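Quick caveat, the model's predicted, so the values are computed rather than measured.
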Amino acid sequence: MTSLRAVVVGTLCLAHAVSAIRPIWSLGDLRQLEAEEEKWDSHQIQTRQDPLDISKLSFAYPEQVINVPIDHFHNDSRYEPHSNETFGLRFWFDAKHYRKGGPVIVLQGGETNGANRLPFLQKGIVAILAKATGGMGVILEHRYYGRSYVTPNFTTENMRFLSTDQALADMAYFAKHVVFPGFEDWDLTAPDTPYIAYGGSYAGAFVAFLRKLYPEVYTGAIASSAVTKAIYDYWEYFEAARLFSPPGCALATQKFTAVVDNILIEKAGSKDVVKLKAVFGLGNLTNDKDFASSLTNGISRLQETNWDPAVSSPAFYEYCNNVTSHELLYPSLKFLESDVKHLITVGGYAKEADSFTAQMLNYIGYVNLTVIQKCHDRSEDIEACLGSDSDTEFYHRDSLDTGRWRPWPYQFCTEWGYLSTGSGVPKDQLPLISRLLDLDYSSVVCREAFNITSPPDLEIINKHGGFDISYPRLAFIDGDSDPWRAATPHRIGLPERESTVSEPFLLIKGGVHHWDENGVFKNETKPGFPPASIVGVQNAEVEFVKAWLTEWAAERRSSGRTTMPPMVR
């Protein structure tokens, strides 16, 4: 058996500690994710960009529940046996900016606990748009995530109702049936109230599809870092790091990877393989693929960067600073110098052995600090922490308490793909992660957790248009340095689209993963902060949403319908 590693679509959780968004997952990562979900239950998690902890945010924005159908599609055999029951879908709202006739701004929570998104009601994109339009701000949790439980457990059979189509129908149902506490006398439902959707990453693609499938319900949608093209072998996740990392970082990583692969693949079973694992402190890892995967931590962290230092992880740049330094940053590793020089030589870089040794020692030091130390912190030996066969029972945990890691793997195993590989990198290009990391290795969770042995049905997603998706009042916002850009309509190499008020198409220079979603309080602003690129795109969002609402009101008048929500309750 190989270990659990998979690229996952999604958004940058501003509470990074509980983010489900990692380019590569290990069993240890999943155990940690489960532990962090327990912290959510006890309100012990703090959001990185705000001193308020979740209990205080939850006090400011009490959790609400709307009962929605478990099964919206009784004619689709995919969901057999069908269900006539409902489940409680969680949401939170902020009415402080609401004015009569204003829109409802709904942020789709995506593949995480919806409480992660509460800060956006205060000072992120929802607050910005609600204040500018007199709107009601809403965070809507996705079925199966957080506490929006659909079934009594996460068995494979009970996961059948977890699909993008079912969740899209939830969001439409919400807009047509919601009653906001304190506003019981008003009908604030679609289509008599304009609804604007926002989502980032998976949720960005989600709201793009929502606008196209339910145009009479959602007046417009902003799709940020929207991965509208499902891709099985998403080796391009690391292209952003190759193209946009600090000088020398990508090249050093490519050379490290080449040395590792030249030894693991060309000298498989040799003493050099033993020595290679030993210098990294990973000699107890029996599976070469587990070892190769354990080296990917640094270069995979670009997605965690943000324009706001309060929410940005420094890990990517710390990694690059380590591997580009020609000065030995870990003096305690000097005793490995001759072994490392030997490995560089047998790994194909003999001419650079002298100049490259300090960098590789720093690479080893970084892995020790960020990977091995975490195992020690969990009091686990290396094989138990990083090995593929250390806890196979974990894959079968499917209770609501111990299986909360299961929903997103189920989605990428059945519909979305996005498995990260080094094997998929073109042969004329040096990869940033080992070529040993292939689809078979990345898809083990599909086989072991769900008994899914075939590739996902990508057409379920790509039927909506893929890279070419467009629709009136549908905006695409992307960062030019986003690891997920290659799965969005802003993919490098696609024909340039014209950006219009009806179909905005904006690229944030230097931006990474849905950087427009975050915001700061007014008293936190200063010259140059937020950066002009973020201020510009958020101002543009305000202006085109206002234009959409004006257009919606004109359409209502021309059809003889009122533009103000009537007091019907």
**Asked** Which of these, Asp192, Asp187, Thr193, sits in a side chain to side chain donor-acceptor pair (under 3.5 Å) with Thr189?
**Response** Asp187
**Request:** Heavy atoms only: give me the nearest Leu57-Pro119 pair and the separation to one decimal.
**Result:** CD1-CG, 4.0 Å
**Prompt:** With distance as the sole criterion, is a donor-acceptor pair present between the side chains of Thr155 and Asn153 under 3.5 Å?
**Reply:** yes
**Asked** Are the side chain of Arg143 and the backbone of Thr164 linked by a donor-acceptor contact shorter than 3.5 Å?
**Response** no
**Item:** Close side-chain approach of Glu503 and Leu474, heavy atoms under 4.5 Å
**Value:** no
**Prompt:** Taking 4.0 angstrom as the limit, do Glu555 and Arg473 come out as a salt bridge?
**Reply:** yes
**Message:** For Pro309, is there any backbone N or O sitting under 3.5 Å from a side-chain donor or acceptor partner on Ser312?
**Reply:** no
**Prompt:** Distance from Thr305 atom OG1 to Phe244 atom CZ, nearest 0.5 Å?
**Reply:** 12.0 Å
**Message:** So does Phe505 get a backbone contact from the side chain of Ser499, meaning a donor-acceptor N/O pair under 3.5 Å?
**Reply:** yes
**Message:** Would Val512 and Phe316 count as a side chain to side chain contact (heavy atoms under 4.5 Å, CB included) here? Give the steps.
**Reply:** CA-CA 12 Å; Val512 186; Phe316 180 72; over 6 Å; no
**Request:** Report yes if some heavy atom in the side chain of Val207 is under 4.5 Å from a heavy atom in the side chain of Ile222; otherwise report no.
**Result:** no
**Message:** I'd like to know whether NZ of Lys522 has more than 12 heavy-atom contacts from other residues, nucleotides or ligands below 6.0 angstrom.
**Reply:** no
**Request:** Give the minimum heavy-atom separation between Val217 and Ala172, together with the two atoms involved.
**Result:** CG1-O, 3.9 Å
For residues 527-549, please give each side-chain donor-acceptor pair under 3.5 Å, one per line with the distance, not counting sequence neighbours.
| from | atom 1 | to | atom 2 | distance (Å) |
| --- | --- | --- | --- | --- |
| Gln538 | NE2 | Asp516 | O | 2.8 |
| Gln538 | NE2 | Asn518 | O | 2.8 |
| Asn539 | ND2 | Val535 | O | 3.3 |
| Trp548 | NE1 | Val501 | O | 2.9 |

**Request:** May I ask you to decide if Phe154's main-chain N or O and Arg406's side chain share a donor-acceptor pair within less than 3.5 Å?
**Result:** yes
**Trp484/Tyr418 aromatic ring centres below 6.0 Å** = yes
**Fill in**
Of Phe93, Phe180, Phe183, the one forming a ring-ring contact (aromatic ring centres under 6.0 Å, His included) with Tyr98 is Phe183
**Request:** List the steps and the verdict of side chain to side chain donor-acceptor pair (under 3.5 Å) for His72 and Asp170.
**Result:** CA-CA 8 Å; His72 297 275; Asp170 290 344; 2.7 Å; yes
**Message:** Could you check whether any side-chain N or O of Arg147 sits under 3.5 Å from a backbone N or O of Gly88, counting only pairs where one atom can act as donor and the other as acceptor?
**Reply:** no
**Item:** For the student: nearest non-hydrogen atoms of Arg160 and Arg78, plus distance
**Value:** CB-O, 4.4 Å
**Item:** Over 12 non-hydrogen atoms of neighbours within 6.0 angstrom of NZ in Lys131
**Value:** no
**Asked** Which heavy atom in His97 sits nearest to a heavy atom in Ala130, and how many Å separate them?
**Response** CB-O, 3.6 Å
**Asked** Asp398 side chain to Gly403 main-chain N or O, any donor-acceptor pair under 3.5 Å?
**Response** no
**Asked** So do the side chains of Glu216 and Pro191 get within less than 4.5 Å of each other, counting heavy atoms only?
**Response** no
**Prompt:** How many angstroms lie between atom CG of Leu118 and atom CG of Asp94, to the nearest 0.5 angstrom?
**Reply:** 10.5 Å
**Request:** Could you tell me whether the side chain of Arg90 and the main chain of Ser148 form a donor-acceptor pair under 3.5 Å?
**Result:** no
**Message:** To the nearest 0.5 Å, what is the distance between CD on Gln64 and CD on Glu141?
**Reply:** 13.0 Å
**Gap separating the NZ atom of Lys123 from the CG atom of Asp308, nearest 0.5 angstrom** = 6.5 Å
**Asked** Could you state the interatomic distance from OG1 (Thr488) to CD1 (Ile477), rounded to the nearest 0.5 Å?
**Response** 11.0 Å
**Asked** Is the number of heavy atoms from other residues, nucleotides or ligands within 6.0 Å of CG (Asn523) greater than 12?
**Response** yes
**Request:** Calculate, to the nearest 0.5 Å, the distance between atoms OG1 and CZ belonging to Thr151 and Phe161 respectively.
**Result:** 8.5 Å
**Prompt:** What about Tyr410 and Tyr144, are their ring centers closer than 6.0 Å?
**Reply:** no
**Request:** May I ask you to decide if Phe521's main-chain N or O and Glu524's side chain share a donor-acceptor pair within less than 3.5 Å?
**Result:** yes
**Request:** Evaluate the criterion side chain to side chain contact (heavy atoms under 4.5 Å, CB included) for residue pair Leu89 and Tyr173; output intermediate values, then yes/no.
**Result:** CA-CA 11 Å; Leu89 185 66; Tyr173 186 95; over 6 Å; no
**Request:** May I ask you to decide if the ring planes of Trp405 and Tyr395 are parallel, tilted or perpendicular, using 30° and 60° as cut-offs?
**Result:** perpendicular
**Prompt:** Taking side chain as C-beta onward, heavy atoms only, is Tyr202 less than 4.5 Å from Phe412?
**Reply:** no
**Message:** Checking side-chain polar atoms at under 3.5 Å, does Glu517 have a donor or acceptor matched by the opposite partner on Ser224?
**Reply:** no
**Message:** Quick check: do Leu458 and Pro456 have side-chain heavy atoms less than 4.5 Å from each other?
**Reply:** yes
**Verdict with supporting geometry, Phe174 and Val138, side chain to side chain contact (heavy atoms under 4.5 Å, CB included)** = CA-CA 11 Å; Phe174 172 85; Val138 176; 3.8 Å; yes
**Sub-4.5 Å side-chain heavy-atom contact between Ile139 and Tyr61** = no
**Prompt:** Considering all heavy atoms of both residues, which atom of Pro489 and which atom of Ala226 are nearest to each other, and what is their separation?
**Reply:** CD-O, 3.7 Å
**Request:** State, yes or no, whether a side-chain contact exists between Val126 and Tyr198 at a heavy-atom distance under 4.5 Å.
**Result:** no
**Request:** List the steps and the verdict of side chain to side chain contact (heavy atoms under 4.5 Å, CB included) for Trp552 and Thr550.
**Result:** CA-CA 5 Å; Trp552 175 86; Thr550 298; over 6 Å; no
**Message:** I want to check something: taking the side chain as every heavy atom from C-beta on, are Gln108 and Leu168 in contact at a cut-off of under 4.5 Å?
**Reply:** no
**Backbone N/O of Ser83 and side chain of His74: donor-acceptor pair under 3.5 Å** = yes
**Asked** Ignoring hydrogens and geometry, is there a side-chain-to-backbone donor-acceptor pair from Glu304 to Pro314 under 3.5 Å?
**Response** no
**Fill in**
In short, Leu121 meets Trp92 closest at the heavy-atom pair CD1-CB, 4.2 Å
